[in-house]
There are 2 protein chains.
Amino acid sequence: MKIEEFARRIGMPVSTISKALNGYADVSAETRAHVLRAARRLGYSPNPLGRRLRQKSSDAIGFVLSPPQTGFAHPFFLNMLMGIDEGLVETGYHLIITTARSLESEVDTFKRLVEKQHVDAMIFSRTRRNDPRIAYLQKRRIPFATFGRSETGKPFPFVDIDYAAAGREGVRRLLARGHRRIALVNSPTHYMFSCYRRQGYEAALRDCGIAPDPDLYVEEDITEDGGAHGLQRLMRAASPPTAVLCGHDLMAIGVMRTLVAAGKRPGQDVAVIGSDDDPIGRYFNPALTTFSAETRRAGQRIVQLLLAAMQGTPAKALQEVWTPQLIPRASDGPA
Amino acid sequence: MKIEEFARRIGMPVSTISKALNGYADVSAETRAHVLRAARRLGYSPNPLGRRLRQKSSDAIGFVLSPPQTGFAHPFFLNMLMGIDEGLVETGYHLIITTARSLESEVDTFKRLVEKQHVDAMIFSRTRRNDPRIAYLQKRRIPFATFGRSETGKPFPFVDIDYAAAGREGVRRLLARGHRRIALVNSPTHYMFSCYRRQGYEAALRDCGIAPDPDLYVEEDITEDGGAHGLQRLMRAASPPTAVLCGHDLMAIGVMRTLVAAGKRPGQDVAVIGSDDDPIGRYFNPALTTFSAETRRAGQRIVQLLLAAMQGTPAKALQEVWTPQLIPRASDGPA
DNA sequence: CTCCGGCTCGAAAACGATTTCGGACCGGTG
DNA sequence: CACCGGTCCGAAATCGTTTTCGAGCCGGAG
């Protein structure tokens with residue numbers, strides 16, 4: 001049913017109906033209620049395609065999954081996806097997702113979504129220190145919110161996890177257990193969160209009067225193989241580490257694999273700590289000590305921040321940094 | 001730029017341009033090429049909102065994730081999602097996803113997407129024997145394709161995994177290893193794939209002259225707790241199983257957990273086989289023997305089938321059943 | 001009585017495409 | 001010459017809203 005027919009049926013002008021439905025001020029509460037009731041009764045609801053054309057909006061927000069080959073932590077993204085979807089329910093927006101093929105084509109993916117398919121706003125994660133996606137969106141004045149901070153451009157809404165704190169706490173815990181040669185198998189530092197982790201790691205060492213040893217620091221892909229390769233590099237050092245902090249649980253598993261292959265027992269001979277609480281860590285033997293990352297709740301929250309920003313709340317007030325919790329298990333030594 | 005301005009600029013009528021862009025027959029190859037070149041040169045591309053209104057299509061297909069609490073196998077869905085997205089690239093369609101809150105509200109989720117948000121077609125998984133989603137979509141004549149068969153309605157395109165074969169092969173393998181009391185901790189049989197698994201399981205037993213024992217068959221949620229609870233029920237039997245086939249790797253892990261808690265060693269005292277090759281299985285100790293499930297490739301294929309169906313290919317020709325491969329590891333006994 | 005604010009009405013102009021339709025041109029065929 | 005198929009042209013209708021605008025009504029305040 002078109003709005004004209006509906007108007008005829010309830011004997012009201014089209015304009016009043018449209019205004020009632022769209023919350024205009026110059027229609028009395030009474031008429032509005034009447035229209036809403038009639039609409040429900042007759043099953044009228046405005047055709048979204050028509051309204052979208054008129055309003056130049058698409059009622060959709062886009063979410064871009066990072067390219068798989070750059071280290072794709074399954075539960076991480078799926079939980080975030082679910083959180084976003086949950087945050088979106090009852091808002092009238094729907095969720096369009098797509099995956100970037102590669103790091104290079106990431107901005108193109110954004111352009112495709114923004115320019116051709118018409119989403120009203122974007123959400124993404126894995127922000128980088130210098131992030132072309134942010135530059136692009138701000139230039140085009142497309143609203144967005146992210147998981148993670150960046151040094152690019154003007155303030156924007158985000159939720160982030162305090163990875164500096166994670167790095168610091170990880171080091172402190174290992175120091176308290178008597179370790180002195182603590183390595184960091186980090187994720188690549190073009191990601192902001194890797195930078196913060198490194199900062200926290202080095203700061204905590206210095207606090208105890210230990211100078212960070214370049215031989216104990218490597219960067220690798222956020223994958224199991226990345227972790228495995230990272231530890232291989234570390235073991236070439238003159239004096240190898242007795243404890244390893246990792247950029248992600250998957251990397252930690254790779255580290256432990258290499259450890260085992262070299263005849264060492266993770267959790268006994270060498271302490272290992274991961275990050276982001278991938279479910280795999282619980283099942284691994286020894287169970288992986290790690291840091292929490294509530295990506296599902298983060299997804300929900302990011303949606304709220306984004307919507308607030310689209311309604312005019314200044315971005316400065318829409319930035320949250322959450323403190324991760326250590327989840328002690330067995331891989332960093334006997335309790 | 002609107003089409004009118006573009007038309008003026010290249011000195012051609014609007015109608016010819018539109019026809020050229022939409023592949024009509026009554027425009028020569030020459031003019032079409034000319035229009036396309038000019039469009040690229042001047043950066044014109046038709047506003048999707050306008051064309052969608054006119055064509056009453058939304059250039060989008062919807063994918064519904066099953067509700068988490070019904071047993072949400074993370075990598076399973078994320079891989080499928082990635083496959084779908086990969087299948088969709090270059091087709092001009094985009095992907096709208098949403099999650100159903102509960103089994104009951106599943107059809108409502110579909111209605112919301114189909115009636116309000118306007119997707120042109122749907123993809124979903126976890127088909128059930130009697131599936132209201134299928135009934136609804138066929139009644140409304142909305143194209144769709146699924147992961148999994150169903151007994152509902154008329155033929156439709158799908159990719160499915162031959163879970164009957166998995167059940168059969170699992171039993172055969174366990175029989176070959178000398179087991180006689182083989183249990184099945186199955187997923188709920190309102191899912192089609194659970195039915196097929198059960199059929200294969202029972203058929204293989206009968207082939208060897210063993211009557212399926214009702215005490216060795218339970219159904220549980222597709223979660224770790226479901227598996228754990230299933231084995232608890234089985235252990236109450238007078239003569240408990242020496243081997244357990246499971247509906248999913250997560251369930252198998254629950255089974256093994258209960259086994260360990262009862263002082264039995266999975267893989268030595270009791271053989272366990274899972275299903276669907278969840279990455280967790282690789283890391284578990286003992287590593288989980290399971291069956292492959294190429295959900296990523298399935299997602300890609302389902303998109304192809306769906307698009308073919310939308311272009312008129314009869315559904316009968318768009319149905320594929322893939323045979324799963326056994327992935328032998330340690331949990332079903334020493335090699 | 002006049003004026004004004006709050007509300008309603010109806011018509012009409014966007015929004016940006018696709019599609020139809022009648023007319024015209026042009027080269028070739030009968 | 002008449003006719004035809006293949007192209008191209010232009011104008012106009014259509015998709016279903018939202019939004020604007022001028023006009024009108026009514027009750028209460030001044």
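Predicted, not measured: the structure shown is a model, and the values here were computed from it. No hydrogens, no waters, no symmetry mates; every other heavy atom, side chains included, goes into these values. So that the names make sense, note that chain A is the first sequence line, chain B the second, and so on, each numbered from 1.
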Within the 4.0 Å heavy-atom criterion, would you say [X] contacts the bases, only the backbone, or no part of the nucleic acid?
| X | value |
| --- | --- |
| Val27(A) | sugar-phosphate |
| Ser18(A) | base |
| Leu53(A) | base |
| Phe6(A) | nothing |

I need the [atom1]-[atom2] distance between [X] and [N], as an integer number of Å.
| X | N | atom1 | atom2 | result |
| --- | --- | --- | --- | --- |
| His118(A) | dC15(C) | NE2 | P | 15 Å |
| Ile10(B) | dG10(D) | CD1 | P | 12 Å |
| Asp26(A) | dT20(D) | CG | P | 10 Å |
| Leu21(B) | dG16(C) | CG | C1' | 13 Å |
| Glu5(A) | dT17(D) | CD | P | 10 Å |
| Leu49(B) | dG16(D) | CG | P | 15 Å |
| Asn22(B) | dG16(C) | CG | P | 17 Å |
| Ile3(B) | dC15(C) | CD1 | P | 15 Å |

- Task: Take Lys19(B) and Met12(A), find for each the nucleotide of DNA chain C with the closest heavy atom, and name the residue whose nucleotide sits nearer the 5' end.
- Result: Met12(A)
- Going through the distances and angles, do Arg149(A) and Asp131(A) end up as a salt bridge (charged side-chain N to carboxylate O under 4.0 Å, His left out)? CA-CA 10 Å; Arg149(A) 285 160 280 180; Asp131(A) 202 314; over 6 Å; no
Taking only side-chain nitrogens and oxygens of [X], does any of them come within less than 4.0 Å of OP1 or OP2 of [N]?
| X | N | answer |
| --- | --- | --- |
| Lys2(B) | dA17(C) | no |
| Arg51(A) | dG16(D) | no |
| Asn47(B) | dA17(C) | no |
| Tyr24(B) | dG6(D) | no |
| Thr31(A) | dC7(C) | no |
| Gln55(A) | dA14(C) | no |

- Task: Could you go through the salt bridge (charged side-chain N to carboxylate O under 4.0 Å, His left out) check for Glu5(B) and Arg9(B) one step at a time?
- Result: CA-CA 6 Å; Glu5(B) 189 191 337; Arg9(B) 288 225 229 164; 3.2 Å; yes
- Query: In terms of the nearest nucleotide of DNA chain D, which residue is placed more toward the 5' end: Gly50(B) or Glu30(B)?
  - Reply: Glu30(B)
Of the candidate nucleotides [options], which contains the atom at the shortest distance from the side chain of [X]?
| X | options | answer |
| --- | --- | --- |
| Thr16(A) | dT8(C), dC15(D), dC9(D) | dT8(C) |
| Lys56(A) | dT18(D), dT8(C), dG16(C) | dG16(C) |
| Ser15(B) | dG16(C), dT18(C), dA11(D) | dA11(D) |

- Charged N to carboxylate O below 4.0 Å: is that the case for Arg128(B) and Glu106(B)? yes
- Message: If we check salt bridge (charged side-chain N to carboxylate O under 4.0 Å, His left out) with Arg301(B), which of these qualifies: Glu294(B), Glu320(B), Glu86(B)?
- Response: Glu320(B)
- Looking only at atom types and distance, does a side-chain atom of Arg51(A) sit under 3.5 Å from a main-chain N or O of Ser57(A), one as donor and one as acceptor? no
- Any donor-acceptor pair under 3.5 Å joining the side chain of Arg54(A) to the base of dT17(D)?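 Looking at the base of dT17(D), it does not pair with any donor or acceptor on the side chain of Arg54(A) (distance under 3.5 Å).
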- Message: Under the ring-ring contact (aromatic ring centres under 6.0 Å, His included) test against Phe110(A), which residue among Phe124(A), Phe144(A), Tyr136(A) passes?
- Response: Phe124(A)
